[in-house]
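Lettering follows sequence order; numbering is per chain, from 1. The basis for the numbers below is simple: all heavy atoms, side chains too, and nothing from hydrogens, waters or symmetry mates.
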Amino acid sequence: AQSVTQPDIHITVSEGASLELRCNYSYGATPYLFWYVQSPGQGLQLLLKYFSGDTLVQGIKGFEAEFKRSQSSFNLRKPSVHWSDAAEYFCAVERGNKLVFGAGTILRVKS
Amino acid sequence: NAGVTQTPKFQVLKTGQSMTLQCAQDMNHNSMYWYRQDPGMGLRLIYYSASEGTTDKGEVPNGYNVSRLNKREFSLRLESAAPSQTSVYFCASSEMRARSGYTFGSGTRLTVV
């Protein structure tokens with residue numbers, strides 16, 4: 001069963017515009033959720049993670065994500081995108097001491 | 001801080017050849033993982049090692065073997081490479097459990113011709 005779904009393969013936003021990347025998970029218990037970013041030719045870097053408590057979590061590089069249990073979602077947001085944010089973004093959920101990743105969303109930033 | 005180091009960074013193999021991808025971490029992490037990344041499929045787990053001396057299969061283990069040589073090192077071996085194994089391979093480690101988050105290496109781009 002698919003554990004993590006990222007519905008958008010590609011997203012293009014203008015520099016300075018707001019951004020929301022979607023992530024839905026299918027997992028019964030309270031999940032441990034993550035967002036990672038991958039710049040071209042690089043490994044993955046952790047942006048933020050959610051374990052419990054406040055459903056709005058802050059991460060690095062000005063990103064935040066909101067956990068919504070009722071919608072099984074963990075969407076990533078940024079108020080104002082910079083050209084350097086162009087990358088691929090992966091949502092992940094912990095299952096059995098392993099991370100299961102979504103297929104990724106490629107973000108393009110146009111000037 | 002080196003973090004997670006993978007070697008080599010690039011490799012081209014002929015079908016049927018064998019090779020070992022090396023991974024080492026210097027963060028005293030207990031758990032280590034091997035993933036492959038293919039376009040449109042995200043990262044898929046090949047094998048993992050929850051702690052020194054243990055290894056387990058992931059989602060796509062066929063055609064691969066692993067060795068957790070010690071706490072620092074976790075290698076991935078392709079015994080007889082196939083074109084379907086052309087991919088980017090990532091090694092990752094976590095402090096205790098996956099829920100603490102991974103630190104990734106920079107990847108090995110493997111092409112099998």
Worksheet item: Given a strict heavy-atom distance threshold of 4.5 Å, which part of A:L99 is in contact with chain B: side chain, backbone, both, or neither?
Response: both
Worksheet item: So does A:I9 have more than 12 non-hydrogen atoms from other groups sitting under 6.0 Å from CD1?
Response: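 Atom CD1 in A:I9 is not packed in, count stays at 12 or less.
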Is [Y] reachable from [X] through a run of I, L, V, M, F, W or Y residues, each pair having side-chain heavy atoms under 4.5 Å apart?
{"X": "B:M19", "Y": "B:F90", "value": "no"}
{"X": "B:V4", "Y": "B:F74", "value": "no"}
{"X": "B:L43", "Y": "B:L21", "value": "no"}
{"X": "A:F63", "Y": "A:L33", "value": "yes"}
{"X": "A:L48", "Y": "A:I60", "value": "yes"}

Output the donor-acceptor atom pairs between chain B and chain A under 3.5 Å, with atom names and distances to 0.1 Å.
from, atom 1, to, atom 2, distance (Å)
B:Y33, OH, A:N97, O, 3.2
B:Y35, OH, A:L99, N, 3.4
B:Y35, OH, A:L99, O, 2.6
B:Q37, OE1, A:Q38, NE2, 3.1
B:Q37, NE2, A:Q38, OE1, 2.8
B:A98, N, A:N97, OD1, 2.7
B:R99, NH1, A:Y32, OH, 3.2
B:R99, NH2, A:E94, OE1, 3.4
B:S100, O, A:K49, NZ, 3.2
B:Y102, N, A:Y36, OH, 2.8
B:Y102, OH, A:L99, N, 2.8

Fill in: Under 4.5 Å from a heavy atom of chain A, the part of B:L45 involved
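Contact with chain A is through the side chain of B:L45 alone.
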Discussion item. Tell me the closest heavy-atom pair linking A:A103 and B:G40, and the distance in Å.
Written reply: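 It is CB-O, 3.5 Å.
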